[in-house]
Structures are given as structure tokens and as C-alpha cells.
Protein chains: 2
Amino acid sequence: MTEITADNAARQPFMPLMRELVRSYQAFTAYDAKGLKPFGLTVPQADVIFTLGNTEGITFKEIGELTLTTKGTLTGIVDRLEARGLVRRVQENDDRRRTRVCLTAKGDKLFRGVFPRHIRYLKQRFDRLGRKEREQAEQSLRKLRDIFD
Amino acid sequence: MTEITADNAARQPFMPLMRELVRSYQAFTAYDAKGLKPFGLTVPQADVIFTLGNTEGITFKEIGELTLTTKGTLTGIVDRLEARGLVRRVQENDDRRRTRVCLTAKGDKLFRGVFPRHIRYLKQRFDRLGRKEREQAEQSLRKLRDIFD
DNA sequence: TATTGTTATACTCTATAACTATA
DNA sequence: TATAGTTATAGAGTATAACAATA
């Protein structure tokens with residue numbers, strides 16, 4: 001058990017794993033963002049649109065839980081989507097504190113046009129992994145997530 | 001080979017892997033940012049400070065390559081670190097287009113104080129993985145990165 | 001001409017905390 | 001009192017492209 005100093009810290013056995021996690025996410029998200037850009041969507045915006053797709057609308061709270069976005073941030077994202085006419089806010093009647101966010105017709109049209117195309121775009125890369133590799137990666141990432149949750 | 005539509009897209013076999021990649025990174029980076037906050041460092045700022053540690057200074061170009069940050073963004077990050085007296089810019093003599101960024105004495109002190117502590121903080125969590133799991137995760141993430149590079 | 005880094009623009013996202021209205 | 005969402009504050013990071021200095 002040697003002490004951790006500034007000089008030897010970088011040699012901790014988990015450092016390569018941490019680096020790979022960060023760099024692989026950066027590489028993925030850059031590719032993801034690039035594919036969404038032509039549709040005028042940022043990654044967090046697309047996350048919301050894709051979450052709302054094929055639903056009757058979801059409350060802010062639920063969207064926040066699904067996308068790991070805090071409520072203040074989500075208000076801004078939804079504001080921008082609403083300004084573009086892609087979603088609308090609907091007050092719930094049974095509990096008037098709640099607001100459901102729904103895709104508009106225009107938003108649904110975008111969802112149906114963009115989502116499958118974007119999935120194909122991502123699939124091009126993910127398909128370079130074999131089934132076994134994919135399952136292995138999925139399992140490893142799940143463990144990694146558990147560590148930090 | 002069925003067509004990908006908005007309705008079945010979410011059932012593509014790579015979707016769980018993608019979700020795990022994003023969520024595990026989000027969980028990690030939230031923990032990471034929380035540990036850096038008391039030192040007044042953001043994640044990208046710490047990335048730069050840690051990259052500069054134990055070096056004689058590195059050029060913008062190299063830092064950008066190591067941290068995957070574009071030059072315009074890096075200028076801003078370095079500006080903020082310089083304003084706090086943690087780094088300084090040094091013009092290179094052999095090629096005067098290049099600027100090396102170095103830790104100041106204050107920056108080095110911060111590096112030596114924060115880096116080992118932060119590594120221990122991260123290690124607490126990463127050590128919950130066994131050696132085998134860690135190596136497996138590292139290997140999977142490397143493959144994942146290759147796909148998007 | 002090509003490269004290094006800066007500047008300008010214009011946003012988007014972020015955390016945080018106080019606030020409003022409902023329950 | 002607690003919860004859902006908004007607002008206010010104050011950055012920080014981002015992409016992009018034009019730019020200056022140097023090679």
C-alpha cells in the first residue's frame with residue numbers, strides 16, 4: 001500500500017479505465033452531435049424529443065429522471081423546443097402542479113423523420129462490434145454505473 | 001433485416017449499450033465534478049491542470065489533442081486558469097507561433113495538493129471493481145472508442 | 001500557403017437558490 | 001409542509017469562422 005502522491009497518482013491501476021471512459025464518451029457524443037446538427041437539435045434536446053416520442057406526453061419530473069437533467073435546466077431546454085413549435089406544455093387536471101410535455105404534430109413529424117435516421121446513423125458504428133463484444137461492453141458499463149450511483 | 005421505424009428504433013440491440021455509456025459517464029462525471037468543486041475547478045479545467053502536472057509546459061495544440069478540446073475552447077479555459085494565477089503562457093523561441101502553457105508555483109502547489117486527493121477520492125469508487133472487471137471494462141471501452149474515432 | 005493561437009459571435013447548458021402555485 | 005415547475009443569477013463550455021502572426 002504505497003502512498004498516493006502527485007508523482008505516482010497517474011499510475012493508479014484505474015486511471016486507464018477512467019481515461020477510456022471519458023475519451024470513448026467524448027468520441028461517441030461528438031459523433032452523436034454531428035448527426036443531430038443538420039436537424040437543428042442539440043444532444044440534450046434530442047434526448048428529450050426521443051424520450052417524448054411514442055408517448056402521450058410526460059411530466060417534467062419524469063423527463064428529468066429519464067434523462068438525468070435537473071428541473072431548472074429542463075425548463076430551458078423545453079422552452080427552446082416549445083419556441084420552435086416542437087413540443088407543448090399541458091397542465092394536468094388532477095394535480096395542477098404537474099405539467100406534461102407533449103410532442104406537437106410538428107414535433108412528432110420531426111421525431112418520425114429524425115429518430116429512425118439517427119438510429120441508422122449510430123447503428124453504422126455500433127454494428128462494428130460483434131454481439132459478444134456488445135454484450136460484454138454493456139455489462140461492464142452497467143457495473144461502472146453502479147459504482148457511481 | 002427489418003426496416004428501422006420510429007416505432008421499432010428503440011428496440012435496436014445497441015440501444016441498451018448506448019444508454020449505459022451515456023448514463024455511466026453522466027454518473028461518473030457528476031461524482032468527478034463534485035469532488036473538484038471544493039477546489040474551484042471544473043472538470044475541463046482540472047483536465048488541463050492534471051495534464052500540465054509534472055511537465056515543463058505543453059503547447060495549446062498538444063493540450064487540445066490530449067484533452068480533446070478544440071483550440072477556441074481551450075483559449076477560454078486557459079484564460080480563466082491564468083486569471084487565477086494557476087498557469088502562465090510562455091512564447092516558444094524556436095517557433096514563435098507556439099505558446100506553451102505551464103503551471104505557476106501556485107498552480108503546481110494546487111496540483112500537488114488536489115491531484116493525489118482527488119485520485120484517492122475516485123479510487124474509493126473504482127476499487128469497488130475487481131481487477132478482472134476493471135480490465136474487462138477497460139478493454140470494452142477501448143473497442144467502443146475505436147468505433148467512433 | 002499552412003499553422004498556431006486569438007477573437008468575436010451567439011448560444012446552450014449548468015448549478016444553485018429563491019420563488020409561486022398547488023397539494 | 002412538501003412538491004412541481006419557474007425564474008434569476010452567474011458562469012462555463014461549445015461550435016464556427018474570421019483573423020493576426022509566424023513559418
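Everything quoted here is computed from the prediction, not taken from an experiment. Sequence lines set the chain letters: A, B, ... in the order given, protein chains first and strands last, and positions in each chain run from 1.
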Separation of [X] atom [atom1] from [N] atom [atom2], in whole Å?
X: B:Q45; N: C:dA15; atom1: CD; atom2: P; answer: 15 Å
X: B:R80; N: D:dA10; atom1: CZ; atom2: P; answer: 17 Å
X: B:R84; N: D:dA12; atom1: CZ; atom2: C1'; answer: 13 Å
X: A:L36; N: C:dT12; atom1: CG; atom2: C1'; answer: 14 Å
X: B:K37; N: C:dA15; atom1: NZ; atom2: P; answer: 9 Å

Does some side-chain heavy atom of [Y] sit less than 4.5 Å from a side-chain heavy atom of [X]?
X: A:E20; Y: B:R145; answer: yes
X: B:T67; Y: B:I77; answer: no
X: B:Q45; Y: B:L36; answer: no
X: A:D47; Y: B:V22; answer: no

- A:T42 side chain near C:dC11 phosphate (N/O to OP1/OP2, under 4.0 Å): no

- Audit row: A:F148, B:F126, ring pair (Phe, Tyr, Trp, His ring centres under 6.0 Å) steps and yes/no: CA-CA 9 Å; A:F148 291 102; B:F126 279 108; 5.2 Å; yes

- May I ask you to decide whether A:R131 forms a salt bridge with A:E135, counting only side-chain N to carboxylate O separations under 4.0 Å? yes

- Message: Between A:R142 and A:D149 (salt bridge meaning N to carboxylate O under 4.0 Å), is one present in this structure?
- Response: no

- Task: Name every residue in residues 88-104 of chain B that has at least one heavy atom under 4.0 Å from any atom of DNA chain C, in order of residue number, or write none if there are no such residues.
- Result: B:R89, B:R97, B:R98, B:T99

- Query: Of the residues in residues 47-78 of chain B, which ones touch DNA chain C at a heavy-atom distance under 4.0 Å?
  - Reply: B:T59, B:F60, B:K61, B:K71, B:G72, B:T75

- Query: According to the ring pair (Phe, Tyr, Trp, His ring centres under 6.0 Å) rule, which pairs have a member within residues 48-87 of chain A, sequence neighbours left out?
  - Reply: A:F50-A:F115

